[in-house]
Amino acid sequence: MWSMSRLVLLGLAALSLFIPSITQAQPGSVEPGAITSQIIERGELICGVNGTLPGFGFLMDDGSYAGFDVEICRAVAAAILGDADAVFYVEVTSAERSVALITGSVDMLSRNTTWTFSRDVEWQATFGPTTFYDGQGVMVRAADGIATLEDLEGGVICSDGGTTTELNISDAMAERNLDFVLQTFSSLDITTEAFYTGSCDAMTSDRSALIAQRALTDDPAAYLILGETLSKEPLGPVSSQSDPQFADIIRWTVWGMINAEAEGITSENIDSFMESTDVNVQRLLGLNDTPAGSHLGLDNSFM
C-alpha cells in the first residue's frame, strides 16, 4: 500500500501527466451520469477553486488560474472532455463551499477542503482521494517574541470562518487552559490582512496556506510559523453524492495520475508506452480493448 507521504509526493508530481481523451462512449458502456452529462452538454467543467492561495489556487495577472488544486480541475476536464482547458473556474470562499456543492452551482470543488465526517454527511458530498495531507498551524510576528501557544494566552487569534480551523484552535487552547479571543473573517485574504495590520496577535490556517501567505510578503522572515501542528488535514476534491459515477471519474483520474507516475509515464513519453505488453500499463491506458472508461461512461483511453 502507498504511504500517505508517498501519495502526496506522487500526487504533486503527477499533475502534468494527464492525457486528453475523446469523450465517446464505447459499445456496451454505461451512460454518463447526471453531472457528467451536464458537463458534456455544456462543453466545460465548472470547478470551485480558491483564487487567493498561491501554489494551490491563485488568480494570475493574465486572468488565468494556476496551482495544484487547479490542475486537478484540468485533469478531470481532460478525462471527460478531452480538453484540459475546458474549465470554468468559480472562486468559492470557505463559507460558500457547502452551498455551492449542494445547489449544483459548481460540478466539483478543488480548493483546499478538509475531509471530515460532518462535511461528508451534511454537505451530501463525496470526497475524492486525498491529494495533499496538511495540518493546521499558527503564524505570528517574529518581533513579538511568541514561540508557543502558551505565549498567546489572552491574545487575539484570527481565522477563516466556516472552517475546521475554528474548532481546532479552540480545542488546542482549551486543552492548555488558555484564554484567547477568536476573530473570524469571510476569507483567507481578509484574515491575513487583519493579521498584517495588527488586528490579531496570530493567525491560524493550514500550514501550507500560512507558508504561501508568508511567501507573498516583502519580508517573510518577519513572520514565524509555530512548531505545533494542531490537526490532521486531508485535502482533496469534492463532488455531490447525486452522481456517484462522476465521483468515480474524479477518483480514478487522481488514482490514474498517481499510477502513471509510478509507471514512469508522462505526457512526453506516452507514445513509447502505446505498444507496451505490460498488463498494468495496458489497463491504465485502456489498451488492448481494456474496458476501463466504459464503466464510467467515457472513452477507454480517457487516461
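This structure is a prediction, so every number in the text was calculated from the model and none was measured.
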Stepwise side chain to side chain donor-acceptor pair (under 3.5 Å) test for Ser301 and Asp299: CA-CA 5 Å; Ser301 63; Asp299 187 271; 2.4 Å; yes

Side chain to side chain donor-acceptor pair (under 3.5 Å) for Gln241 and Thr126? Distances and angles first, verdict last. CA-CA 5 Å; Gln241 290 179 357; Thr126 298; 4.9 Å; no

Step by step, work out the side-chain contact (heavy atoms from CB on, under 4.5 Å) result for Val76 and Phe246. CA-CA 10 Å; Val76 174; Phe246 178 59; 4.1 Å; yes

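At least one side-chain heavy atom of Glu263 sits less than 4.5 Å from a side-chain heavy atom of Asn280. Within the 4.5 Å cutoff, the side chain of Phe273 has heavy atoms near those of the Leu285 side chain. Using a 4.5 Å heavy-atom threshold, the side chains of Phe68 and Thr131 count as touching. In this structure, the side chains of Ile258 and Trp255 come closer than 4.5 Å at one or more pairs of heavy atoms. Between Thr93 and Ser186, the closest side-chain pair of non-hydrogen atoms is not below 4.5 Å. Within the 4.5 Å cutoff, no side-chain heavy atoms of Ser199 are placed close to those of Gln183. Side-chain contact between Met139 and Ser205: absent, with no pair of heavy atoms (C-beta onward) separated by less than 4.5 Å. Annotation: side chain of Cys200 is not in contact with side chain of Ile157 (no heavy-atom distance under 4.5 Å).
Listed for the Asp151 side chain is a donor-acceptor partner under 3.5 Å among the backbone atoms of Thr148. No donor-acceptor pair closer than 3.5 Å links the side chain of Glu150 to the backbone N or O of Leu178. Judged by distance alone, the side chain of Arg111 and the main-chain N or O of Val92 form a donor-acceptor pair under 3.5 Å. Side-chain atoms of Arg97 come within 3.5 Å of backbone atoms of Ser94 as a donor-acceptor pair (strictly under, hydrogens ignored). Although no hydrogens or angles enter the test, the distance criterion places a donor-acceptor pair under 3.5 Å between the side chain of Asn168 and the main chain of Thr164. In this structure, Glu122 contributes its side chain and Arg119 its backbone to no donor-acceptor pair below 3.5 Å. Side chain of Asp179 to main chain of Glu153: no donor-acceptor pair is present (N/O by atom type, distance under 3.5 Å, no hydrogens or angles). Checked by atom type and distance alone, the side chain of Ser110 pairs as donor or acceptor with a backbone atom of Asp69 at under 3.5 Å. Side-chain N or O atoms of Asp144 include none that pairs as donor or acceptor with a backbone N or O of Ile146 at under 3.5 Å. For Thr253 (side chain) and Ile249 (main-chain N/O), a donor-acceptor pair under 3.5 Å exists by modelled atom type.
In this structure, the side-chain contact (heavy atoms from CB on, under 4.5 Å) partners of Arg42, at least two apart in sequence or on a different chain, are Gln38, Ile39, Glu44, Ile46, Asp107.
Taking CZ of Phe185 as the reference point, atom OG1 of Thr191 lies at 6.0 Å (rounded to 0.5 Å). To the nearest 0.5 Å, atoms SG (Cys47) and OH (Tyr89) are separated by 7.0 Å. Atom CZ of Arg214 and atom CG of Leu224 lie 7.5 Å apart (nearest 0.5 Å). Distance OG1/Thr229 to CD/Gln136: 9.5 Å, rounded to 0.5 Å. Between the CD atom of Glu96 and the OG1 atom of Thr103 there is a distance of 10.0 Å, given to the nearest 0.5 Å. Thr217 OG1 to Tyr223 OH: the interatomic distance, rounded to the nearest 0.5 Å, is 6.0 Å.
For CH2 of Trp123, the number of neighbouring non-hydrogen atoms (other residues, nucleotides, ligands) closer than 6.0 Å is greater than 12. More than 12 heavy atoms of other residues, nucleotides or ligands shown are found within 6.0 angstrom of CG on Asp62.
Here the shortest heavy-atom pairing between Pro237 and Ile250 reads CG-CG2, 3.7 Å. Shortest non-hydrogen contact noted between Gly297 and Pro32 is O-CG, 3.9 Å. What you find for Ala209 and Leu188 is that their closest heavy atoms are CB-CD2, 4.0 Å. A pairwise comparison of heavy atoms in Ala221 and Ala142 identifies O-CB, 3.8 Å as the closest pair. Across every non-hydrogen atom of Ser242 and Ile35, the tightest pair is OG-CD1, 3.8 Å. Between Ser240 and Leu101, the closest heavy-atom pair is N-CD1, 4.0 Å.
By the rule that hydrophobic residues join a cluster once side-chain heavy atoms approach within less than 4.5 Å of another member, Met203 and Leu182 end up as members of separate clusters. Linking Ile, Leu, Val, Met, Phe, Trp and Tyr whenever their side-chain heavy atoms come within less than 4.5 Å leaves Val106 and Met108 in two separate clusters. Residues Ile270 and Leu287 fall within the same hydrophobic cluster, defined by Ile, Leu, Val, Met, Phe, Trp and Tyr side chains chained together at heavy-atom separations under 4.5 Å. By the rule that hydrophobic residues join a cluster once side-chain heavy atoms approach within less than 4.5 Å of another member, Phe195 and Val156 end up as members of separate clusters. Placement of Val238 and Val254 in two distinct hydrophobic clusters is found when ILVMFWY residues are connected by side-chain heavy-atom separations under 4.5 Å, directly or transitively.
Taking a cutoff of 4.0 Å between a charged side-chain nitrogen and a carboxylate oxygen, Arg74 and Asp85 qualify as a salt bridge.
Side chains of Thr52 and Asn50: a donor on one and an acceptor on the other come within 3.5 Å. The closest side-chain donor-acceptor pair between Tyr65 and Glu91 falls under 3.5 angstrom. In summary, the side chains of Asp206 and Ser208 do not present any donor paired with an acceptor at a separation below 3.5 Å, with no hydrogens or angles considered. Side chain to side chain, Thr290 and Gln282 fail the donor-acceptor criterion of an N or O pair below 3.5 Å. Of the N and O atoms on the side chains of Ser159 and Thr204, not one donor lies less than 3.5 Å from an acceptor on the other residue. Side chains of Thr266 and Glu268: a donor-acceptor N/O pair is absent below 3.5 angstrom, by distance only.
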